[in-house]
Amino acid sequence: MLIRTPPRHLPEPSEITPRTVWSQRRRIVQAAAAGIALPAPGWLSAQTTRTETRPEAKLAGKASPLSTLGANDKPTPYKDVTTYNNYYEFGLNKEEPAVAARSLKTRPWTVTVEGEVDKPRVFDIDELLKLAPMEERVYRMRCVEGWSMVVPWTGYSMSELIRRVQPNGNAKYVEFVTLNDSKQMPGLRSSVLNWPYVEGLRIDEANHPLTLLSFGLYGELLPNQNGAPVRMVVPWKYGFKSGKSIVKIRFVEKQPMTAWNRAAPQEYGFYSNVNPEVDHPRWSQATERRIGEDGFLARKRATLMFNGYADQVAGLYAGMDLKRSF
Ligand code: MTE
């Protein structure tokens, strides 16, 4: 990934989620994690939906017990989540995608599922939206560049889609391919990556309940710059593993060549699990800056193994040397 100096990032006081909102949210999430009755569906959306900006885009989901936030985590303000983006198909600067992706056409849209499956299928986006019950999952996200956010996503586990297409015994990996349309995506003129943007997971990673097929955030359909109309969200891996605006999902036998791995294999391994003990060759991964919350001069926070999801995912890597398989 390119190194660039982060812009000064001091949010307006009005952009910061009010303390009453996030402290109540945290109590509810902790209760859910402890097995106490879940709140009514849509509890999170009710507090955070941006209906005043895009009423037509509402996308509700049931609060999920998989939202395991830490004591210091609170959702990153909507404004930061939607204006500080990496989406190289729409420019290399963080501010560009929010403007340049406005013209992305997200209807009609299909996702082709093919390869080593018994039931290959082309899903229309409206079919995908109804495939399984929507959930609100508040996840920590850690970018390989050293910053992080907390995002309330809406979607369902990738496993819901996987079981419907019935992978066969040769399906060891899953490849996720982003739209590759130079008429709509000015960034494709750049040779920073070999387009299309491709990411991949081992099939057990793709089937892990935390792995989310996401259609929305903050209770509304994904803004284009965040990967509309459908994207991956893999919270224990660096953000670049979470491919945006997916048009193809391919089940394959061999480990796929991914866009960043192809561009700089010594810097971006296939696994890319968040790991404070494995530095990027050009910078440390031991700490991170939480966007929108801490102020630019605030102390960085320690990065957690698997981005804090070790209890849920460490077992996927039992016996592996995570320094070699980085
Ligand atoms: N997907 C595509 N197609 N193109 C990209 O440039 N950037 C990745 C990932 N998915 C990227 C992508 C990176 S580096 C990060 S950190 C996350 O998207 C950022 O997601 P966000 O903008 O929603 O925070």
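Note that the structure is a prediction, hence the values are computed from the model and not measured. Indexing begins at 1, ligand by ligand and atom by atom, following the structure's order.
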Ionic contact status for Glu127 with Arg121, cut-off 4.0 Å: yes
Tyr271 and Arg202: side chain donor to acceptor below 3.5 Å: yes
No-hydrogen, no-angle side-chain donor-acceptor test under 3.5 Å, Ser148 and Arg290: yes
Shortest protein heavy-atom distance from atom 17 (C) of ligand 1, along with the residue and atom involved: Gly239 O, 3.6 Å
Shortest protein heavy-atom distance from atom 6 (O) of ligand 1, along with the residue and atom involved: Tyr88 N, 2.8 Å
Nearest protein heavy atom with distance in Å, relative to atom 10 (N) of ligand 1: Ser242 O, 2.9 Å
Which residue and heavy atom of the protein sit nearest atom 23 (O) of ligand 1, plus the separation: Arg231 NH1, 2.7 Å
Any donor-acceptor N or O pair under 3.5 Å, side chains Lys94, Asn85: no
Thr178 and ligand 1 - part of the residue with a heavy-atom distance under 4.0 Å: side chain
Numbered atoms and elements of ligand 1 in range of Cys143, under 4.0 angstrom, heavy atoms: 16 (S)
Protein residue, atom and distance nearest to atom 22 (O) of ligand 1, heavy-atom basis: Lys244 NZ, 2.7 Å
Donor-acceptor pair between Thr303 and Arg142 side chains, under 3.5 angstrom: yes
Closest protein heavy atom to atom 24 (O) of ligand 1, given as residue, atom name and distance to 0.1 Å: Asn85 ND2, 4.2 Å
Proximity to ligand 1 by part of Tyr197, non-hydrogen separation under 4.0 Å: side chain
Residues Arg140 and Thr76: side-chain donor-acceptor under 3.5 angstrom: no
Identity and separation of the nearest protein heavy atom to atom 7 (N) of ligand 1: Asn86 O, 3.3 Å
Ligand-residue contact atoms, ligand 1 with Glu89, heavy atoms, under 4.0 Å: 2 (C), 3 (N), 4 (N), 5 (C), 6 (O)
Distance-only side-chain donor-acceptor flag, Ser64 / Arg137, under 3.5 Å: yes
Test of ring centre spacing under 6.0 Å for Phe306 and Tyr317: yes
Distance-only side-chain donor-acceptor flag, Glu220 / Tyr78, under 3.5 Å: yes
Closest candidate by heavy atom, reference atom 13 (C) of ligand 1, pool Phe240, Trp260, Tyr238: Phe240
Any Met141 heavy atom less than 4.0 Å from ligand 1: no
